[in-house]
Amino acid sequence: MRLQPPLGLCSATLNNVPELPEVETIRRQLDPLLRDCSVQQVWAFDSPKFTSAHQALGSRLQGVRRRGKYLLIDLDPAPDPSPAPALAPAPAQHPDRNHVVESSPGVAARELIVHLGMTGRLSVSSTGSEHPSTTVSSLTSWEQSTRVESSSSQRHLRAVWVLDDGRSLFFDDVRRFGRIAVVAAGEHQSLATLAALGPEPFDDDFTADYLRQQINSTKRSVKAQLLSQRVVAGLGNIYVDEALWRAQVHPAAKRITKVQSMKLRRDIQEVIAVAINNGGTTLRNYRDAEGSAGSNQHHLQCYGRAGQDCLRCGTTLRRILIDARATVFCPRCQRR
DNA sequence: CCAGCAGCCTGAAAGC
DNA sequence: TGCTTTCAGGCTGCTG
């Protein structure tokens with residue numbers, strides 16, 4: 001039997017947010033499920049954060065990509081001969097852009113962008129499911145809000161895309177921190193964080209020299225920098241704490257050495273790779289596209305372990321606030 | 001331009 | 001037991 005820490009020390013209220021490994025897990029599951037499906041009907045929760053979902057109506061879903069914590073679903077015009085009602089003509093603006101979209105005249109390639117926020121979940125109903133969403137007619141009642149509000153499983157539904165084969169893609173999000181947008185392909189200005197996103201952890205240009213230059217070029221802490229998404233894409237509170245613990249860098253440090261930058265880059269990559277292999281981290285909310293929990297929570301060495309012993313030196317891990325974020329670190333291993 | 005911070009939002013847990 | 005307060009967190013937009 002495993003001994004539990006005193007109640008006051010364990011993080012009983014931890015909510016984990018989908019970060020890069022969780023979003024990548026969902027992407028891998030959704031990609032083969034959605035490819036080449038057309039959107040026949042859309043329902044969206046009445047909020048500016050979600051109503052853009054309607055703009056995917058009539059489009060065909062191509063591959064599901066990921067940038068940082070954002071899911072990008074490529075949209076092509078549906079092959080159906082009748083013109084899709086939601087498709088806008090090619091925008092006349094953006095004459096400065098180099099990449100002219102080579103598509104059928106008058107129709108620009110677009111992307112359906114989904115950010116899961118803190119509690120967002122995407123799932124696909126199986127064919128022939130008795131879920132009310134799988135029939136187009138039932139959407140009418142959803143729009144009247146009666147069924148959406150009636151059951152707990154549908155209470156936090158924010159968008160539904162009904163596909164041409166009878167299945168549906170669902171987005172539910174308890175706390176409404178998620179976001180849906182449809183934009184012209186590659187045009188991300190309306191999503192500031194996405195537009196300014198740094199390199200992916202496994203990109204060639206995410207080098208130790210680049211990392212050190214970025215961290216050392218501002219007055220902000222290394223933790224705040226890594227959370228900003230501008231230095232490297234996809235890290236959130238869990239994996240920043242894990243990577244800094246492994247690299248033995250104090251989260252409040254404002255400068256790192258060359259040796260630290262080499263280790264930190266490598267540890268960011270390892271923490272992310274291990275988490276992806278484990279299907280992400282589930283502390284409370286996170287579920288993948290199949291409704292399953294990840295298993296990486298069993299591999300966390302620092303995050304959520306405040307008050308417990310450091311697995312490296314035995315010192316009691318401390319919890320502090322940095323950038324208004326709960327931060328766990330080892331005061332002995334991670335000296336400033 | 002940059003850094004810091006309030007606000008968004010809800011449910012669970014702690015506190016009274 | 002039941003009510004109130006606190007907390008978690010990614011991102012946006014405002015302020016100094």
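Convention: sequence-line order gives letters A, B, ...; per-chain numbering from 1. We use all heavy atoms of the structure for the numbers below, so side chains are in, but hydrogens, waters and symmetry mates are not. All figures in this text were calculated on a predicted structure; none of them were measured in a lab.
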(message) Under 4.0 Å between a side-chain nitrogen and a carboxylate oxygen: does that hold for A/Glu270 and A/Arg246?
(response) yes

(message) For a quick test of reading the model: is some side-chain N or O of A/Tyr239 closer than 4.0 Å to OP1 or OP2 of C/dG10?
(response) no

(request) Check the side chains of A/Arg176 and A/Ser47 for a donor-acceptor pair under 3.5 angstrom, ignoring hydrogens and angles. (result) no

(message) Using OP1 and OP2 only, check whether a side-chain N or O of A/Thr119 sits under 4.0 Å from B/dT10.
(response) no

(request) Output yes when a side-chain donor or acceptor of A/Gln269 lies under 3.5 Å from a complementary backbone atom of A/Pro201, and no otherwise. (result) yes

(message) If I take atom CD1 in residue A/Ile322 and atom P in nucleotide B/dA3, what distance separates them, rounded to the nearest angstrom?
(response) 15 Å

(message) At less than 3.5 Å, do the side-chain atoms of A/Arg176 and the base atoms of B/dC9 form a donor-acceptor pair?
(response) no

(request) Please report, rounded to the nearest Å, how far the P atom of B/dA6 is from the CG atom of A/Asp323. (result) 12 Å

(request) Report yes if a side-chain nitrogen or oxygen of A/Gln229 is closer than 4.0 Å to either non-bridging phosphate oxygen (OP1 or OP2) of C/dG10; otherwise report no. (result) no

(message) Tell me the interatomic distance from A/Leu20, atom CG, to C/dC11, atom P, rounded to whole angstroms.
(response) 11 Å

(request) Ignoring backbone atoms, test whether A/Arg179 places a side-chain nitrogen or oxygen under 4.0 Å from the OP1 or OP2 oxygen of C/dG10. (result) no

(message) If you assign A/Val174 and A/Ala324 each to the DNA chain B nucleotide with the nearest heavy atom, which residue ends up on the more 5' nucleotide?
(response) A/Ala324

(message) For the residue pair A/Arg158 and A/Phe171, would you count it as a cation-pi contact if the rule is NZ or CZ under 6.0 angstrom from the ring centre and within 45 degrees of the ring axis?
(response) no

(message) What is the separation between atom NE2 on A/His156 and atom P on B/dT10, rounded to the nearest whole Å?
(response) 8 Å

(message) Can you see whether A/Phe177 has A/Lys49 sitting over its ring - NZ or CZ less than 6.0 Å from the centre and within 45° of the normal?
(response) yes

(request) Cation-pi check, A/Arg167 to A/Trp161: give yes when NZ or CZ is under 6.0 Å from the six-membered ring centre and within 45° of the ring axis, no otherwise. (result) no

(message) Between the base of C/dG9 and the side chain of A/Arg175, is one N or O donor paired with an acceptor at under 3.5 angstrom?
(response) yes

(request) Give A/Ala326 one of three labels, base, sugar-phosphate or nothing, depending on what nucleic acid heavy atoms sit under 4.0 Å from its own. (result) sugar-phosphate

(request) With sequence neighbours left out, write down each residue that passes salt bridge (Lys or Arg N to Asp or Glu O under 4.0 Å) with A/Arg27, or none if nothing qualifies. (result) A/Glu24

(message) Given C/dC11, B/dC9, B/dG4, identify the nucleotide with an atom nearest to the side chain of A/Thr193.
(response) C/dC11

(request) Figure out the CD1/P separation between A/Ile113 and C/dG10, and round it to whole Å. (result) 20 Å

(request) Please state how far atom CZ in A/Arg325 lies from atom P in C/dC11, giving the value in whole angstrom units. (result) 9 Å

(request) State plainly whether the residues A/Arg325 and A/Asp323 are in salt-bridge range, i.e. N to O under 4.0 Å. (result) no

(request) Take the protein atom CE of A/Met118 and the nucleotide atom C1' of B/dA12, then report the distance between them rounded to whole Å. (result) 13 Å

(message) Can you measure A/Asp173 atom CG to B/dG11 atom C1' for me and round it to whole angstrom units?
(response) 13 Å

(request) Report the stems of DNA chain C as range-with-range entries sorted by first number; a stem here is at least three consecutive pairs, Watson-Crick or G-U wobble, both distances under 3.5 Å, and write none if there are none. (result) B:2-16 with C:2-16

(message) For C/dT12 and A/Lys49 - does any side-chain N or O of the residue sit under 4.0 Å from the phosphate oxygens OP1/OP2?
(response) no

